[in-house]
Amino acid sequence: MRTSQYLLSTVKETPSDAEIISHKLMLRAGMVRRLGTGMFSYLPTGVRVLRKVEQIVRQEMNKAGAIEVLLPMVQPAELWQESGRWHTMDAELLRFKDRHQRDYVLGPTHEEVITDLVRREITSYKQLPLNLYQIQTKFRDERRPRFGVMRAREFMMKDAYSFHLGQDSLQQTYDAMYRAYCNIFNRLGLDYRPVQADSGAIGGSVSHEFHVLAESGEDAIAFSDSSDYAANIEMAEALAPEGSKAAADQALSEIATPAAGTVAEVAALLNIAPETVAKTLFVLADAGDDGKQQLIALVLRGDHQLNELKAEKLAGVASPLQFATDEQIRALCGAGPGSVGPVGLKVRIVADRSAAHLADFVAGANKDGFHLTGVNWARDIAEYEIADIRNIVTGDPSPCGFGKLIIKRGIEVGHIFQLGEKYSKALKAGVLNEEGKHQTMTMGCYGVGVSRIVAAAIEQNHDDNGIIWPDAIAPFQVALIPMNMHKSVRIAEVTEQLYQQLTAAGIEVLFDDRRERPGVMFADMELVGIPHTIVIGERNLDNQQVEYKNRRTGEKVLLDIADVITEIQQKITC
RNA sequence: CGGUGAUUGGCGCAGCUUGGUAGCGCACUUGGUUUGGGUCCAAGGGGUCGCAGGUUCAAAUCCUGCAUCACCGACCA
């Protein structure tokens, strides 16, 4: 490709609405333009990268035995009503009507459509297992789209859905997808980690997220510093503190703490560490027989944070998790949220493992402006349960039993999930089994955020001058930069010849034939992030040489013109 | 959805307090100059000042409403 015939569309200044580096660089490098909130037009350079990512995903999916399909983006409401998500998905689902006033949705995902397709096509267990995938545009009406294509409303996704007669078969495909995903991210050249994203519900570990590690990541991931353990921070188990609990030494006593509501204020006032203060939160319980929702007290160590997902999973806790209002708390405790504690409460009390390990601790007195010191479990609070309800913090022991946890940030670019029968049951998707009996299929689903990978790759690969593409997904592999081509016939001829040879060798070349000054060309090629550059100048031509420069390492070497093709082929690592 | 802020040429911004019908840099066009790291000089083209209404002799500027966009928060198979 010649720049004079290409739409490079690079810009010097950063549009003011770009926040993170990948968004800024994608705009500056002429990859995307914003059309509306969370909607982007892809310019030629952006499309090239997107297609590269797609192609790698496609190849690895095919290799893993999945079969490509293409499903409609516009889907009839009936299917969503059948699965129940017409009502449960709510605002994220973009709905609209056609000229006949029939309801439709813009597909945010395709479980319904694929399950409908398979229930029509598949009738016998002999046709299973089956793993179908597509690479297609999705639309989710996110409440807050941000970070450019990273969290856009319209985005490109690979989604695969597998169908099985039973759990064993599902597990096999799940494992195959896990390996395929590792292959994909290895080939993309990204620093990523598979992360446990769920456990429990069906038993074992049934969901993994694949995260590209980056400071700007929206998700926090807990890693063991001495094993392969990695889990979404929401899922990481917080173990009970080691050793036995200290004995109760102090007597229970009340102390005035005027104007001290938060743990930090109480700790400062009493000149004690926050971890010796217990904080008490109230959530609503499931409705009882009378239809009323009691409160449940959750007690945490002052320096810890409630993990809402863990709390929501506690038996008896209303789902979705709802916090009690100040009025409800006052009605129960006789005090405001800043002065409440577990002593004397007439409701169910759940203490976090670490909070339950405290002795002689401080807690609200259930009397405005007062706290209790010397509080002890059992002695002062007869009935309580112990559970893991907090977020892990750096330094916690790893649940795998090896090492301590460290927390890093990641961008979720893949998610594999064992769905079970959720959709196949709702849509009555079954086959006849060996006994000739109808059996509901078991499903798995496997997503890769294709457009998000593009942004994540930039987050991980850039410098002050712009993007540094891994070879596998670079829009062009080689940039040809001639010096003064328009004044030197010799330069023009050599460059033209190199362009022909490289292109003939199957290498993607961007030949900068614009009538621009060298600085402009260097800056643009670096901004766009082309990994390998060849500079053709008079000086080196005298020795039948050109200069090679590596975008990532900055390495510069002189190459004999005759060797350029073979040298470049060796340097391209994909 | 709540909070905050923004909206002036393709992009980045000034002008608004104190009303008098718009300016700078980049980009673009033309001519010259320069040519291994975003040259320099000159001359040009391009704007219903987000939309609607109001106040006023006069509104980018003051008032009201709306829209769009962004940030923080909540939310996110």
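The structure displayed is predicted, hence computed values, not measured ones.
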Is the shortest side-chain N/O distance from A:Arg143 to OP1 or OP2 of B:C76 below 4.0 Å?
-> no
Rounded distance in Å between the C1' positions of B:C51 and B:G44 | 32 Å
In whole angstrom, give me the gap between the C1' atoms of B:U21 and B:U8.
-> 14 Å
Between the base of B:G36 and the side chain of A:Glu547, is there a donor-acceptor distance below 3.5 Å?
-> yes
Gap in Å between the two P atoms, one belonging to B:G3 and one to B:G46, rounded | 44 Å
With sugar-phosphate meaning primed atoms plus P, OP1 and OP2, does A:Val11 contact a base, only sugar-phosphate, or nothing at under 4.0 Å between heavy atoms?
-> nothing
How far does the P atom of B:G36 sit from the matching atom of B:C72, given to the nearest Å?
-> 44 Å
When we call it a touch if two heavy atoms are under 4.0 Å apart, what does A:Lys556 touch: a base, just sugar-phosphate, or nothing?
-> nothing
Taking the six-membered ring for Trp, is the centroid-to-centroid distance between A:Tyr161 and A:Phe417 below 6.0 Å?
-> no
Considering just the side-chain nitrogens and oxygens of A:Thr14, establish if one lies under 4.0 Å of OP1 or OP2 belonging to B:G12.
-> no
Across the strands shown, which category fits A:Glu308 at heavy-atom distances under 4.0 angstrom: base, sugar-phosphate, nothing?
-> sugar-phosphate
Does A:Arg28 or A:Tyr423 map to a spot on RNA chain B nearer the 5' end, using the closest nucleotide for each?
-> A:Arg28
With P as the reference atom in both, quote the distance from B:U17 to B:A59 in angstrom, rounded to an integer.
-> 14 Å
For atom C1', what is the distance between B:U18 and B:C62, given to the nearest Å?
-> 12 Å
Does the B:G38 base have a donor-acceptor partner in the side chain of A:Glu516 within less than 3.5 Å?
-> no
note: A:Met39, atom CE; B:C69, atom C1'; distance rounded to Å ~ 13 Å
Could you measure between the two C1' atoms, the one in B:C57 and the one in B:G12, and give it in whole Å?
-> 37 Å
Would you classify A:Glu111 as touching base, sugar-phosphate or nothing, given that sugar-phosphate means primed atoms plus P, OP1 and OP2, and contacts are heavy atoms under 4.0 Å?
-> nothing
Is A:Lys12 near enough to B:A27 that one of its side-chain N or O atoms lies under 4.0 angstrom from OP1 or OP2?
-> yes
Please work out if A:Arg151 contacts a base, only the sugar-phosphate, or nothing of the nucleic acid, heavy-atom cut-off 4.0 Å.
-> base
Presence of A:Ser16 side-chain N/O under 4.0 Å of B:G12 phosphate oxygens OP1/OP2 = yes
Would you indicate what A:Asn484 reaches in the nucleic acid, counting non-hydrogen atoms under 4.0 angstrom: base, sugar-phosphate, or nothing?
-> base
Report yes if a side-chain nitrogen or oxygen of A:Arg515 is closer than 4.0 Å to either non-bridging phosphate oxygen (OP1 or OP2) of B:U35; otherwise report no.
-> no
Assess whether one donor atom and one acceptor atom, taken from the side chain of A:Arg34 and the base of B:A70, lie less than 3.5 Å apart.
-> no
Check every strand shown and say whether A:Asn540 touches a base, only sugar-phosphate, or nothing at a heavy-atom separation below 4.0 Å.
-> base
Considering heavy-atom distances to RNA chain B, does A:Arg517 or A:Arg85 have its closest nucleotide positioned more toward the 5' end?
-> A:Arg517
Across the strands shown, which category fits A:Lys487 at heavy-atom distances under 4.0 angstrom: base, sugar-phosphate, nothing?
-> base
Taking the C1' atom of each, how far is B:C49 from B:A6, in whole Å?
-> 14 Å
Where does the angle between the aromatic ring planes of A:Phe511 and A:Tyr499 fall among parallel (under 30°), tilted (30 to 60°) and perpendicular (over 60°)?
-> tilted
Should the ring pair A:Tyr174 and A:His208 be called parallel, tilted or perpendicular, given that the plane angle runs from 0 to 90° and is split at 30 and 60?
-> tilted
